[in-house]
Enquirer: 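Shown below is the structure under consideration.
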Amino acid sequence: MKYLYYLCVFSILFTSCDDPSLDQQNNGTDGEVVPIRDLVRLSSIQVAQNVMANITENVSMVYNEEELISQVSFIGTTNVVYDFEYTANNRLITATKVAGSPILYNFTYTSDSVFLDYTDSNGEQVQKQLYIDLQNRINRIVTRITNGSGITTQTEDLRYQYTTNFNVSRIDRIDINGSTLMGYSEFTYELNNNPFRDMNDVLRLIIFPEFIPYTRYLPSSRIDYTSVSGNFIAGRSFLYRYSLQEDLFPNAREITKTESGFTATTFEFFNYL
């Protein structure tokens, strides 16, 4: 691999009025469909820990005839395979996770929400409700779990704030009472050309949560804050540095994670079709 050339400041203007990624694999505006050749399609990602040569995981993607992701495989640290099925209008309808006992994820859609339902490995029924705003973006995620006694408990409430360029600027973590801010994450950005840009955003949310759904730029930093005795204390932080190929899409990035005084480095290498 080539050495990473660290990106200090790089910003390309990118704006959109309505993003179609929940329904179909295009990135057009005002109803314009971008030709297939303009789509960004990853073929694989290699993940290395601590040093670039220490590859610990390989992630590969397979596409169907409609250029939609039909399978994602993780081989290495985790050995998991996800298979995906879509409706005629390219909405994600089911996903199957195979890692020991298979888990089937079912998706249903309403005018303002996407519902994800599945039974976890403990036999509990899990439902995630992804709220969609007027710009067709995920702006809130609520998770509810129903145990074997039929008792339903809300376990998560995430609320997203966006910049004018469709990038998540902040994610608030709200207590189950619906009004208390328990913590939040803040993001800064530099680079427009996100290799996940044209990926279905529901799929992104499930499989690649570190690539925040609807974020069209790549982050330069993330800081997580937690409420402690009425004050918000910075906990985990992430710094991102990128190496670019000729078309200005990244072929690698270095992630420096700091938590509880300890720092760890991860490298990701991107390969495209």
Side-chain angles (χ1 to χ4, degrees), residues 1-10 42-61 72-82 97 99-100 121 141 143 155-156 158 160 167-173 182-197 199 203-228 231-245 249-272:
M1 298 296 301
K2 296 181 179 179
Y3 292 106
L4 290 176
Y5 293 96
Y6 296 157
L7 181 67
C8 297
V9 179
F10 189 91
L42 286 165
S43 61
S44 65
I45 305 169
Q46 282 74 47
V47 181
Q49 301 293 335
N50 300 319
V51 296
M52 284 188 269
N54 183 31
I55 303 294
T56 58
E57 190 155 57
N58 185 79
V59 185
S60 60
M61 279 144 275
V72 178
S73 301
F74 294 78
I75 305 298
T77 304
T78 58
N79 292 289
V80 181
V81 177
Y82 293 86
K97 176 183 178 181
S121 57
I141 299 175
T143 302
T155 60
E156 179 184 60
L158 303 178
Y160 294 75
N167 296 311
V168 175
S169 59
R170 174 167 159 159
I171 303 175
D172 289 340
R173 301 187 298 277
M182 303 301 295
Y184 60 91
S185 301
E186 287 188 333
F187 301 82
T188 61
Y189 297 89
E190 290 180 352
L191 177 64
N192 181 9
N193 290 335
N194 191 331
F196 286 68
R197 185 184 67 192
M199 188 177 290
L203 187 153
R204 271 173 77 175
L205 178 69
I206 300 167
I207 310 300
F208 303 104
E210 70 274 17
F211 289 89
I212 303 301
Y214 278 100
T215 293
R216 292 299 173 249
Y217 285 40
L218 284 168
S220 56
S221 71
R222 169 180 177 166
I223 303 177
D224 296 339
Y225 296 86
T226 301
S227 178
V228 178
N231 297 311
F232 288 95
I233 307 300
R236 293 188 309 172
S237 67
F238 299 84
L239 294 177
Y240 305 89
R241 298 180 177 89
Y242 299 90
S243 171
L244 305 182
Q245 52 192 28
F249 277 89
N251 55 27
R253 75 172 180 174
E254 177 185 344
I255 306 169
T256 302
K257 172 185 173 182
T258 302
E259 185 175 15
S260 301
F262 296 94
T263 298
T265 302
T266 301
F267 299 91
E268 296 174 339
F269 305 103
F270 303 108
N271 304 295
Y272 303 85

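Not measured: the values here are computed from a predicted model.
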Enquirer: Considering only heavy atoms from C-beta outward, does the side chain of Leu191 approach that of Leu244 to under 4.5 Å?
Expert: yes
Enquirer: State the CG-CD1 distance between Asn167 and Ile212, to the nearest 0.5 angstrom.
Expert: 11.0 Å
Enquirer: With distance as the sole test, does Tyr189 use its side chain to make a donor-acceptor pair with the main-chain N or O of Val168 at under 3.5 Å?
Expert: yes
Enquirer: Would you call Thr226 and Ile233 a side-chain contact if the rule is heavy atoms closer than 4.5 Å?
Expert: no
Enquirer: Just say parallel, tilted or perpendicular for the rings of Phe196 and Phe208, cut-offs at 30° and 60°.
Expert: perpendicular
Enquirer: State, yes or no, whether a side-chain contact exists between Ser227 and Phe232 at a heavy-atom distance under 4.5 Å.
Expert: yes
Enquirer: Given 3.5 Å as the limit, does a donor-acceptor pair link the side chain of Ser243 with the main chain of Ala252, or not?
Expert: no
Enquirer: Taking atom CG of Asp224 and atom CZ of Phe238, what is their separation to the nearest 0.5 Å?
Expert: 6.0 Å
Enquirer: So, the side chain of Asn58 versus the backbone of Ile75: is there a donor-acceptor pair under 3.5 Å, distance only?
Expert: no
Enquirer: Kindly give the heavy-atom pair with the smallest separation between Asn79 and Gly76, and that separation in Å.
Expert: OD1-N, 3.2 Å
Enquirer: Please name the pair of heavy atoms, one in Pro219 and one in Tyr240, separated by the smallest distance, quoted to 0.1 Å.
Expert: O-CB, 3.3 Å
Enquirer: Could you go step by step and tell me if Tyr160 and Ile141 meet the side chain to side chain contact (heavy atoms under 4.5 Å, CB included) rule?
Expert: CA-CA 9 Å; Tyr160 294 75; Ile141 299 175; 3.2 Å; yes
Enquirer: Are Phe270 and Phe249 close enough that their ring centres sit under 6.0 Å apart?
Expert: no
Enquirer: Would you say Asn194's side chain and Leu218's backbone share a donor-acceptor pair under 3.5 angstrom?
Expert: no
Enquirer: Using the side-chain contact (heavy atoms from CB on, under 4.5 Å) definition, which of the options Arg236, Glu210, Lys257 pairs with Arg222?
Expert: Arg236
Enquirer: Can a donor-acceptor pair be found between the side chains of Thr78 and Glu57 at a distance below 3.5 Å?
Expert: yes
Enquirer: Drop me the distance from Phe211's CZ to Arg204's CZ, to the nearest 0.5 angstrom.
Expert: 8.0 Å
Enquirer: In Å, rounded to the nearest 0.5 Å, how long is the span from OH of Tyr242 to CD of Glu268?
Expert: 8.5 Å
Enquirer: Quick one: pull up CG in Leu42 and CE in Met61 and give me the separation to the nearest 0.5 Å.
Expert: 5.0 Å
Enquirer: Passes side chain to side chain contact (heavy atoms under 4.5 Å, CB included), Ser221 versus Glu186? Steps please.
Expert: CA-CA 8 Å; Ser221 71; Glu186 287 188 333; over 6 Å; no
Enquirer: Yes or no on side chain to side chain contact (heavy atoms under 4.5 Å, CB included) for Ile207 and Phe74, after CA distance, side-chain angles and deciding distance?
Expert: CA-CA 10 Å; Ile207 310 300; Phe74 294 78; 3.5 Å; yes
Enquirer: Tell me the closest heavy-atom pair linking Pro209 and Ile206, and the distance in Å.
Expert: CD-O, 4.1 Å
Enquirer: Among side-chain atoms of Asn271 and Ser43, is any donor-acceptor pair under 3.5 angstrom?
Expert: no
Enquirer: With side chain to side chain contact (heavy atoms under 4.5 Å, CB included) as the test, would you mind laying out the steps for Arg241 and Thr256 before giving the verdict?
Expert: CA-CA 9 Å; Arg241 298 180 177 89; Thr256 302; 3.8 Å; yes
Enquirer: Please round to the nearest 0.5 Å and tell me the distance separating atom CZ of Arg253 and atom CZ of Phe267.
Expert: 12.5 Å
Enquirer: Determine whether the side chains of Ser44 and Ser60 contain a donor N or O and an acceptor N or O closer than 3.5 Å.
Expert: no
